[in-house]
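Residues: numbered from 1 along the sequence shown.
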Amino acid sequence: SGSIMMGLSRRIANGLRWRCDRLRYEWRHRWAQWRHGSTCQYVTIWSGARLWVDQRDFRAYEIQQRGPSSGAGFTAWRLYAAQRPDLMIDAGANYGEYTAAALPSGVPILAIEPNPALVACLHRRFDRVRHVMVCPVALGARDEMRTLYWAPQYSGRGSFSLASAQ
């Protein structure tokens with residue numbers, strides 16, 4: 001009974017935290033639109049890197065506030081960049097937080113992202129960086145043309161399945 005209550009209280013706390021984050025995001029989005037006349041802007045993220053993001057996207061807000069979705073993966077990425085491999089591939093680059101983290105190493109980076117809205121942000125941020133190439137394609141098992149679906153309010157949900165992207 002005690003563990004059920006603890007689990008329930010944890011879910012309630014997580015739900016409240018998510019709602020508070022969502023309200024902060026809505027306020028920030030409206031402020032950015034009023035202040036800049038646009039919803040896209042440069043932001044400085046946790047690693048000190050600057051990214052071009054769309055403030056309408058809750059994923060952009062999460063990146064700015066909390067950092068990468070996988071802290072261990074981000075640490076491993078930076079350690080690998082420090083070893084100076086011949087090439088690094090950021091598959092599903094999103095806004096390029098991992099690409100930006102590897103910039104100081106000078107290693108050539110291939111940032112692969114199929115979402116056209118995010119590709120525009122990646123180009124805006126990395127086009128002047130000689131060792132970064134942005135590739136606007138999706139990766140798959142076969143060479144074929146497919147329709148990509150994504151939710152503009154949360155860029156991390158791109159999928160070839162409409163149901164998965166919503």
Side-chain angles (χ1 to χ4, degrees), residues 22 25-26 28-30 32-33 35-166:
R22 192 73 188 172
Y25 153 74
E26 290 292 336
R28 188 179 187 96
H29 159 62
R30 287 192 175 96
Q33 195 166 18
R35 170 81 167 77
H36 302 286
S38 166
T39 58
C40 295
Q41 68 180 48
Y42 272 113
V43 295
T44 302
I45 58 171
W46 39 204
S47 64
R50 289 177 49 101
L51 298 176
W52 184 257
V53 299
D54 184 342
Q55 292 294 326
R56 294 172 296 186
D57 181 6
F58 189 60
R59 169 85 173 105
Y61 175 80
E62 288 181 324
I63 291 168
Q64 187 179 4
Q65 297 299 313
R66 294 196 191 117
S69 53
S70 168
F74 185 75
T75 301
W77 176 264
R78 292 182 81 168
L79 289 172
Y80 186 62
Q83 295 176 15
R84 303 199 39 80
D86 294 333
L87 175 69
M88 293 184 75
I89 299 173
D90 187 357
N94 201 270
Y95 286 110
E97 58 268 28
Y98 283 77
T99 298
L103 283 181
S105 70
V107 172
I109 304 167
L110 189 60
I112 301 170
E113 176 57 53
N115 183 331
L118 297 176
V119 167
C121 291
L122 288 168
H123 278 299
R124 183 122 188 205
R125 170 60 183 94
F126 298 112
D127 269 358
R128 294 187 182 132
V129 181
R130 289 190 346 225
H131 61 278
V132 175
M133 177 184 274
V134 176
C135 295
V137 298
L139 299 176
R142 295 184 300 267
D143 186 12
E144 62 184 342
M145 296 294 287
R146 303 272 309 266
T147 301
L148 177 71
Y149 301 96
W150 69 89
Q153 69 278 8
Y154 193 81
S155 62
R157 288 200 180 126
S159 175
F160 293 125
S161 162
L162 179 59
S164 295
Q166 295 178 337

- Listed partners of Arg146 passing salt bridge (Lys or Arg N to Asp or Glu O under 4.0 Å), at least two apart: Glu144
- Query: So, Asp54 and Tyr95: side-chain donor and acceptor under 3.5 Å apart, yes or no?
  - Reply: no
- CG-CD1 distance between Leu122 and Ile112, expressed to the nearest 0.5 angstrom: 11.5 Å
- CE on Met88 to CD on Gln83, rounded to 0.5 Å: 9.0 Å
- Message: Apply side-chain contact (heavy atoms from CB on, under 4.5 Å) to residues Leu103 and His131 and explain how you reach the verdict.
- Response: CA-CA 8 Å; Leu103 283 181; His131 61 278; 3.7 Å; yes
- Task: Give the intermediate values and the outcome of side-chain contact (heavy atoms from CB on, under 4.5 Å) for residues Trp77 and Asp90.
- Result: CA-CA 10 Å; Trp77 176 264; Asp90 187 357; 4.0 Å; yes
- Item | Nearest atoms (heavy-atom pairs only) where Val107 meets Pro85 | CG1-O, 3.3 Å
- Quick one: pull up CG in Leu87 and CD1 in Ile109 and give me the separation to the nearest 0.5 Å. 9.0 Å
- OG1 (Thr99) and CD (Glu113) are apart, to the nearest 0.5 Å, by 10.0 Å
- Kindly compute the distance separating CG (Asp127) from CE (Met133), expressed to the nearest 0.5 Å. 10.5 Å
- Could you tell me which residues satisfy side chain to side chain contact (heavy atoms under 4.5 Å, CB included) with Leu79, sequence neighbours excluded, listed by chain and number? Thr75
- Step-by-step side-chain contact (heavy atoms from CB on, under 4.5 Å) determination, Cys135 to Leu110: CA-CA 7 Å; Cys135 295; Leu110 189 60; 3.1 Å; yes
- Query: At what distance, to the nearest 0.5 angstrom, does CH2 of Trp52 lie from CZ of Arg124?
  - Reply: 3.5 Å
- Message: Is the shortest side-chain heavy-atom distance between Pro108 and Asp86 below 4.5 Å?
- Response: no
- By side chain to side chain contact (heavy atoms under 4.5 Å, CB included), Ala138 pairs with (sequence neighbours left out) Pro114, Phe160
- Message: Working note: Glu97 + Arg59, criterion salt bridge (Lys or Arg N to Asp or Glu O under 4.0 Å); need CA distance, chi angles, decisive distance, verdict.
- Response: CA-CA 12 Å; Glu97 58 268 28; Arg59 169 85 173 105; 2.7 Å; yes
